[in-house]
Amino acid sequence: MTRPATASHRWAHALARWFDANILELGREMRLSYLPPLMVYVAAGISGLTGIVGTFFVKEYLGLSAEFLAALGFWAGLPWALKMPVGHLVDLMWRYKAGLIYLGALLLAASLLIMIGLLAERAAMAAVLPVETWFVISALLGPVGYVLQDVVADAMTVEAVPRVDERGQPLPEAQRRLMNTTVQTLGRVAIIGGSVLVSLVNVVMFAGAAALPEAEKVAIYTRVYELALVIPVVSVAGVVLARWVWRRELGRLKASGVAHDDALRLLAAQPEPPPVNWWILGGGLLFAVVSVGLGVAKIPAAQEIVFALSMAIIVFLIVKLTGELAPEARHTLIGTAIVVFVFRALPGPGAGSTWWMIDVLGFDQQFLATLSLIASVLTLAGLFLFRRYMGDHSITHIVAMLTVVGTVLALPTVGMYYGLHEWTAARTGGVVDARFIAIVDTALESPLGQIAMVPMLAWIARSAPERLKATYFAVMASFTNLALSASQLGTKYLNQWFTVTREVKDPLTGVVSVPADYSQLGHLLITTTTLGFVLPFVAIAFIRLSRFRSA
């Protein structure tokens, strides 16, 4: 006779089944063809290597205000709205799309080399252009490079999912749909995995940096940027691997008896190039010229004009691309896009919140790197933990859950501004201090940001037309990315209403030109927290009360 299973055995069995379904299954679904786009995504994740250095460089060596940095964030995010013409260009020049990866790598290298020059040869760089101008150029070159690579990587994820098996027989649609979801999940894993790696590097490199002399800190900052030059190398390696994988698959099909021409046809993710859409190419070019012209001319409300123009172009293209969809499918697409847009358009407090943490709470380079490491590791774990949850619930449900949890987790930061950490430290013998609260809050909040991205990207990939996969992906991604530009605009407005300044002094003379003033940061934090809770639910209520639906 066998003994009945104990509760502990049942729990262990359930845990083993969950681990197999959520983690091991994802590993079993991994294919070699997925690796090339994942390498490009890893390069995007590694880009976070310079995040902490950039924060301290701006704070310690540049006299830029929080409002200016928010405005710069708007312009730096604008290239992501240009994914539309770039995506269509990828469809038109599908066989030669690797060239865009190479161009993107070149721009990324130029951006990093500028920052290395500003740190290592500041005087020589300043003799050519002001330091602030060099920084702005670097801040704008980087996003352009990432956009070029990201558009190709998005299209490569569609190409990476095979259409036929090893004998040349078509794969079932359900199996290909699962593969699309797997690739998008692995894409998020690759990006976050890259951020985990660079967070570890930052923790090691910034050990004891706060107590070092200024010259030694600058040397560390320079080494970080030099190490970041591996980013374009990784993305280019992904393209080289993609070509090798294609040749390997071609050889395998031919070895199974498939004729050469038939094998080429079966491997072609794009049976034939789409017709040139001059609305997209011409409109994208016009948009780029107008945007650059408005930015250079410093016309009042230039950002608002560019944002309105971007929104009009993207909405027009969405209407054109979805015109042939059934009404129910079109309503679902529009409803989903609205909810995701509002959720991603929420304004933040801007750079002032980080400056306050550095100046008032005493968060140094290594501690910020530690927080980044915790966030990256737990975000990666969250993708596995919530994998089934993301597949079983609608995007509206997921956004509602994230809104509630995100609001709750924003409260400790608001509380610390008003002395919460001092109150808890006094009652716990100094254990629950500002750093303890920040670590716990980061640990709880970190998995949330990526949860909504996976079902959204999988939805875009599933609904992409065969001949216009890069175009469709780029248009829908541009719409959701434009929400980030709206977020930067909102952040700029809030920083105009609530002025937050950190101490600005000349790095050579030590003369203070702008004193630190965090007196309005509390109102800023309360406002962003309130908006972050109210706006998503307004969007969800609109969808529920209208004819639109959510995917």
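Position 1 is the first residue of the sequence; numbering continues from there. Heavy atoms only: backbone and side chains are in, while hydrogens, waters and symmetry mates are out.
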- request: For T501 and P515, work out which heavy atoms get closest and say how close.
  value: OG1-O, 3.0 Å
- request: Any salt bridge (Lys or Arg N to Asp or Glu O under 4.0 Å) involving residues 345-363? Give me the pairs, sequence neighbours left out, ordered by first then second residue.
  value: K59-D359
message: If you compare all heavy atoms of A153 against all heavy atoms of P37, which two are closest, and at what distance to 0.1 Å?
response: O-CB, 3.8 Å
- prompt: With a 4.5 Å limit on heavy-atom distance, are the side chains of V152 and V40 in contact?
  reply: no
- request: Using the six-membered ring wherever Trp is involved, compare the ring planes of H523 and F498 and label them parallel, tilted or perpendicular (cut-offs 30° and 60°).
  value: parallel
query: Rounded to the nearest 0.5 Å, how far does CG of L141 lie from CG of L112?
result: 10.0 Å
- prompt: Mind checking whether F135 and M115 have side chains closer than 4.5 Å, heavy atoms only?
  reply: yes
- prompt: How many angstroms lie between atom CD1 of I220 and atom OH of Y225, to the nearest 0.5 angstrom?
  reply: 14.0 Å
query: For the atom pair CG (L524) and CG (L494), what is the distance rounded to the nearest 0.5 Å?
result: 6.0 Å
field: Straight-line distance of I540 CD1 to L535 CG, nearest 0.5 Å
entry: 11.0 Å
- prompt: Can you name the residues that form a ring-ring contact (aromatic ring centres under 6.0 Å, His included) with Y493, not counting sequence neighbours?
  reply: none
- prompt: Hey, does D433 have a side-chain heavy atom less than 4.5 Å from the side chain of T424?
  reply: no
- request: Verify, without hydrogens or angle tests, whether N495 (side chain) and P349 (backbone) share a donor-acceptor contact under 3.5 angstrom.
  value: yes
- request: Test side-chain hydrogen bond (donor to acceptor under 3.5 Å, both in side chains) on Q149 and S235 and set out the steps.
  value: CA-CA 8 Å; Q149 297 196 345; S235 58; 2.9 Å; yes
- prompt: Any idea which heavy atoms bring Q520 and T499 closest together, and the distance?
  reply: OE1-N, 3.5 Å
query: Any side-chain heavy atom of Y146 sitting closer than 4.5 Å to one from D150?
result: no
message: Return the CG to CE distance between L521 and M357, rounded to the nearest 0.5 Å.
response: 8.5 Å
task: May I ask you to test the I114-M125 pair for a side-chain heavy-atom distance under 4.5 Å?
output: yes
query: Got a second to check how far T491's OG1 is from Q496's CD, nearest 0.5 Å?
result: 11.0 Å
- prompt: Is the side chain of T528 donor-acceptor paired with the backbone N or O of L525 at a distance under 3.5 Å, no angle test?
  reply: yes
task: Would you check if P347 and L531 make a side-chain contact, meaning some heavy-atom pair closer than 4.5 Å?
output: yes
Side chain to side chain contact (heavy atoms under 4.5 Å, CB included) assessment of L482 paired with F307: CA-CA 8 Å; L482 190 61; F307 178 79; 3.8 Å; yes
- prompt: Between R435 and F367, is NZ or CZ placed under 6.0 angstrom from the six-membered ring centre and within 45° of the ring axis?
  reply: yes
Please tabulate, for the side chains in residues 403-421, all donor-acceptor contacts under 3.5 angstrom to protein atoms that are two or more places apart in sequence or on a different chain.
unit_1, atom_1, unit_2, atom_2, d
T403, OG1, V399, O, 2.7
T407, OG1, T403, O, 2.8
Y417, OH, Y518, O, 2.6
Y417, OH, S519, O, 3.1
H421, ND1, M416, O, 3.2

